[in-house]
A.B. asks: 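Before I ask anything, here is the structure I am working with.
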Amino acid sequence: MKISTKTRYGMRFMIDLAQHWGEGCVALKDVAERQGISKKYLEQVVAPLTAAGLLRVTRGYAGGYELARAPQDITLADVVSASEDGLELLDCMSGLFACERQEGCLSQRIWGGLQNAMHDYLEGQTLADVVAG
């Protein structure tokens, strides 16, 4: 199992904004330089984070990006869920997919346990926790 590059960069972007919380809008190019990520790619990374309501965008001369909520109010689960379209490991875990083996599937308990552990960990950590170390 691998986390997508878009999710990894999205997390780095959100942590960077949390580190600069309270300083106003942060220019995308500044985050790109600090994180060593191309500005063009970051533009794609921020789109789902903005759509999920995690970012506030201000256009114009002094514009840029800032967290839509305080760092202590944004969990890592919020970030991953926005970037990955949810936290489900398998289609059969989402409830949107009917598997003929779902009834009595012993392996589903394994994946469900892993999914729950991952969700609980990400839900229990905020951007403020990460910044605080």
A.B. asks: Apply side chain to side chain contact (heavy atoms under 4.5 Å, CB included) to residues Met14 and Leu55 and explain how you reach the verdict.
C.D. replies: CA-CA 9 Å; Met14 296 294 284; Leu55 295 175; 3.5 Å; yes

A.B. asks: Restricting to non-hydrogen atoms, name the atom on Ser83 and the atom on Thr7 that form the minimum distance, rounded to 0.1 Å.
C.D. replies: CB-OG1, 3.3 Å

A.B. asks: How close do Cys25 and Gly63 get, counting heavy atoms only, and between which atoms?
C.D. replies: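 Cys25 and Gly63 have their closest heavy atoms at CB-C, 3.8 Å.
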
A.B. asks: For Leu49 and Ala82, work out which heavy atoms get closest and say how close.
C.D. replies: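 Distance-wise, the nearest heavy atoms are CD2-CB, 4.0 Å.
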
A.B. asks: Would the number of heavy atoms belonging to other residues, nucleotides or ligands and lying under 6.0 Å from OH of Tyr41 be above 12?
C.D. replies: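 Above 12, so yes.
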
A.B. asks: Measure the spacing between OG1 of Thr126 and CG of Leu76 and express it to the nearest 0.5 Å.
C.D. replies: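 Here the interatomic distance stands at 7.0 Å.
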
A.B. asks: Among Ile15, Leu54, Leu17, exactly one meets side-chain contact (heavy atoms from CB on, under 4.5 Å) together with Leu127. Which residue is that?
C.D. replies: Ile15

A.B. asks: Any heavy-atom pair between the side chains of Asp78 and Arg69 that's under 4.5 Å?
C.D. replies: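 Arg69 reaches Asp78 side chain to side chain.
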
A.B. asks: Assess whether side chain to side chain contact (heavy atoms under 4.5 Å, CB included) is satisfied between Leu42 and Gln35, documenting all intermediate values.
C.D. replies: CA-CA 10 Å; Leu42 267 186; Gln35 296 299 321; 5.8 Å; no

A.B. asks: If you look at every heavy atom in Glu66 and Thr58, which pair is closest and at what distance?
C.D. replies: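 Reported closest heavy-atom pair: OE2-OG1, 4.4 Å.
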
A.B. asks: To check you understand the geometry: which heavy-atom pair defines the closest contact between Lys39 and Lys29, and what is its length?
C.D. replies: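 Taking Lys39 first and Lys29 second, the nearest heavy atoms are CD-CB, 4.0 Å.
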
A.B. asks: Contact between Trp21 and Val131 at the side-chain level, heavy atoms closer than 4.5 Å - yes or no?
C.D. replies: no

A.B. asks: Go through the steps to decide whether Leu122 and Thr75 satisfy the test side chain to side chain contact (heavy atoms under 4.5 Å, CB included), and finish with yes or no.
C.D. replies: CA-CA 7 Å; Leu122 293 173; Thr75 68; over 6 Å; no

A.B. asks: Within the structure provided, determine whether His20 and Arg34 are in side-chain contact (heavy-atom separation under 4.5 Å).
C.D. replies: yes

A.B. asks: Can you name the nearest heavy-atom pair linking Leu67 to Arg56, along with the distance?
C.D. replies: O-NH2, 3.4 Å

A.B. asks: Can Ile110 be reached from Leu106 by stepping across I, L, V, M, F, W or Y side chains whose heavy atoms are under 4.5 Å apart?
C.D. replies: no

A.B. asks: Please check: side-chain N/O of Asp16 versus main-chain N/O of Phe13, any donor-acceptor pairing under 3.5 Å?
C.D. replies: no

A.B. asks: Would you indicate whether the side-chain heavy atoms of Val31 and Tyr65 approach each other to under 4.5 Å?
C.D. replies: no

